[in-house]
Amino acid sequence: MAGLSLHHPLAFAFGLLDNIISFMTYLAPLPTFYRIYKSKSTEGFQSVPYVVALFSAMLWIYYALLKSDEILLITVNTAGCVIETLYIVVYLAYAPKKAKVRPWPHLLLLAG
C-alpha cells in the first residue's frame, strides 16, 4: 500500500476509498444497536460478530504497525476498534445476566 505517498496517486485513491467503505461497514450495525437501546434488550442478538470484528481491527492495526507508512490502515482500524468496543459495551449493558456470564458459547463449540 502506498500510504500517504503521492508518488502512487491511484493506490492512494483506492486506499482512501477503502477507508470510506470500511468505515461505513463498521457503522452498518448502528440500526441494530439503536433498536437494542430503544427496547433495552438484546432481543436474542449475539455479540460474537462484534467481538470478531474488534479482534480483526486490532490485528490489522498490529500488521500496519509492523509495516511502514500505513497510516490509512491504522486510521480506519482504530476507528473500527472504537466503534466495535462501543457496540460491545451497549450489548453488555442490555444483555441478560446469562449472556454476560457466558457471552460467547458459540466460540466454545467451534474450538472443541
Which is it for Asp18 and Leu72 under the side chain to side chain contact (heavy atoms under 4.5 Å, CB included) test, yes or no, and what are the steps along the way?
CA-CA 9 Å; Asp18 176 59; Leu72 291 176; over 6 Å; no
Tyr91 and Ser47: CA distance, side-chain angles, deciding distance, side chain to side chain contact (heavy atoms under 4.5 Å, CB included) verdict
CA-CA 7 Å; Tyr91 178 87; Ser47 60; 3.5 Å; yes
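If you take OG1 on Thr32 and CD on Glu43, they are separated by 9.0 Å, rounding to the nearest 0.5 Å. Distance check: Met24 CE to Asn19 CG gives 11.5 Å after rounding to the nearest 0.5 Å. Taken to the nearest 0.5 Å, the CD atom of Glu84 stands 11.0 Å off from the CE atom of Met58.
Phe12 and Ile20 sit in two unconnected hydrophobic clusters of ILVMFWY residues. Membership requires side-chain heavy atoms under 4.5 Å apart, directly or through other members. Residues Tyr87 and Tyr34 fall into different hydrophobic clusters, defined by Ile, Leu, Val, Met, Phe, Trp and Tyr side chains chained together at heavy-atom separations under 4.5 Å. Clustering ILVMFWY residues whenever any of their side-chain heavy atoms sit less than 4.5 angstrom apart, transitively, puts Ile74 in a cluster other than the one holding Ile83.
Applying the under-4.5 Å side-chain rule to Ile, Leu, Val, Met, Phe, Trp and Tyr, the cluster around Phe14 extends to Leu10, Leu17, Ile21. The hydrophobic cluster containing Leu86 also includes Val82, under a criterion of side-chain heavy atoms closer than 4.5 Å among ILVMFWY residues, counted directly or through chains of members.
Screening Tyr94, Tyr26, Phe45, Tyr50 for a ring-ring contact (aromatic ring centres under 6.0 Å, His included) with Phe33, the sole residue that qualifies is Tyr50.
Between Cys81 and Ala57, the shortest heavy-atom contact is SG-CB, 3.7 Å.
Residue Lys38 places its NZ atom among 12 or fewer non-hydrogen atoms of other residues, nucleotides or ligands, all under 6.0 Å distant.
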Under 3.5 Å donor-acceptor pairs involving side-chain atoms of residues 59-67, not counting sequence neighbours:
none

